[in-house]
Amino acid sequence: MLQTIVPEAYKIDFLDVPVPKVGNDQVLIKIKRVGICGSDIQVYHGKHKYMTFPIVQGHEVAGIITEVGKNIERFKIGDKVTVQPQNVCGKCYPCSIGRYNVCENLRVMGIHDPGMCVEYFLVNASKVLKLPNDMEFDTGALVEPTAVGVHAVKKIGEIKGSNVVVLGAGAIGNLTAQAAKALGANKVMITDIKDKRLDIAKNSDIDYCINTMKVDLGDAIKEHFGSKGADAIIDCAAVKATINQAIYNARRASKIIVVGNFKEKIEIEMPMLQRQEIDLIGVMMYIEEDFKDAINLLQENKIKTDGIITNYFDIRQFKEAYDYIDNHMDDVIKVMLKLED
Ligand SMILES: [Zn+2]
Ligand SMILES: [Zn+2]
């Protein structure tokens with residue numbers, strides 16, 4: 001079977017390896033789609049903080065079960081599935097309170113442990129979630145990034161009736177904004193500096209889509225949310241400009257939630273944060289419940305995927321896909337790798 005591997009930055013090898021043998025607690029999945037995200041690009045560039053080469057990438061997938069271990073009754077051959085790509089220790093303090101997404105020994109498939117850019121992926125069945133039979137593989141591969149958004153939105157706490165701003169209208173930003181709406185937010189505003197991303201957000205039924213190169217965020221919040229302002233601002237861009245934009249425009253006694261991955265240390269307006277008693281909350285990935293909620297929201301069409309996948313490449317064009325992303329940063333939202341029969 002085909003196995004892709006990144007042996008060093010900017011290089012992808014295509015290997016022919018045996019199909020792995022299924023253990024009693026495992027399932028074998030024929031992978032059909034793999035989404036590429038920002039952290040994959042960081043890994044490919046050799047810039048991801050917690051990675052080592054060589055690595056098999058891929059952590060946003062949809063596929064079909066082709067073999068089931070002896071002890072597994074939950075799945076059968078032909079089931080459509082996705083994978084929750086976190087390997088955790090189950091013993092540390094965060095694990096003991098159910099917050100294994102910040103396990104002290106967290107290993108993410110595709111970043112620390114082998115990922116799913118392979119023809120057949122062997123995995124412990126406990127990491128596998130069933131997708132509805134009529135869900136498209138494309139949608140199934142968007143469950144993982146959607147779960148990121150669901151997890152972030154839950155950190156707001158009482159979401160019903162609240163007004164939410166999401167900074168950054170890439171795939172995660174768009175899905176997070178939609179998750180906020182789907183989970184009960186009153187109105188949701190999304191911002192970006194690229195019109196193309198905002199056009200896609202408009203098609204996703206996000207209430208207000210603001211280009212902050214053209215409109216001041218504070219003015220937009222005042223205009224649309226009135227004097228109460230935003231109850232929460234979710235930073236999905238995570239650069240110095242956006243986190244400080246969040247702090248400057250956050251209402252007193254509100255929340256800022258950081259979803260995007262900062263690549264470096266930055267200076268923030270700490271005195272302002274403190275004086276206005278703003279909660280600054282970091283989030284990391286998701287837990288299984290978020291995955292299940294993401295599957296349901298996508299299935300019920302409460303989160304729409306139209307326009308989010310901007311490009312497809314065959315798995316054999318993996319390198320071309322990365323080259324394309326590097327050269328079309330402004331146009332790309334989500335690039336999907338296809339593995340056909
Ligand atoms: Zn990702
Ligand atoms: Zn742990």
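For clarity, every value in this text was computed on a predicted model and none was experimentally measured. In each ligand, atom 1 is the first atom listed, and ligand 1 is the first ligand listed.
- With D231 as the partner, the salt bridge (charged side-chain N to carboxylate O under 4.0 Å, His left out) test is satisfied by one option alone out of R251, K255, R252: R251.
- Judged purely by distance below 3.5 Å, without hydrogens or angles, the side chains of Q245 and D235 never pair a donor atom with an acceptor atom.
- With the Zn ion (ligand 2) at the apex, C89 SG and C92 SG define an angle of roughly 110° (rounded to 10 degrees).
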Q: Apply the test side-chain hydrogen bond (donor to acceptor under 3.5 Å, both in side chains) to residues K319 and Y44: give CA-CA distance (whole Å), side-chain angles for both, the deciding distance (0.1 Å), then the verdict.
A: CA-CA 10 Å; K319 193 168 165 29; Y44 177 67; 2.9 Å; yes
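- Protein N/O/S atoms nearer than 2.8 Å to the Zn ion (ligand 1) total 3.
- In terms of modelled atom types and a separation under 3.5 Å, the side chain of N311 and the main chain of V335 share no donor-acceptor contact.
- At a threshold of 4.0 Å, the pair K194-D331 does not count as salt-bridged, since none of the basic side-chain nitrogens sits closer than that to a carboxylate oxygen.
- Closest of all the heavy-atom pairs between S126 and E288 is O-OE1, 4.4 Å.
- Ion pairing of D199 with K202 is present here, as a side-chain N (NZ or NE/NH1/NH2) and a carboxylate O approach within less than 4.0 Å.
- The Zn ion (ligand 2) is the vertex of the angle joining SG of C95 and SG of C103, which measures 100° to the nearest 10°.
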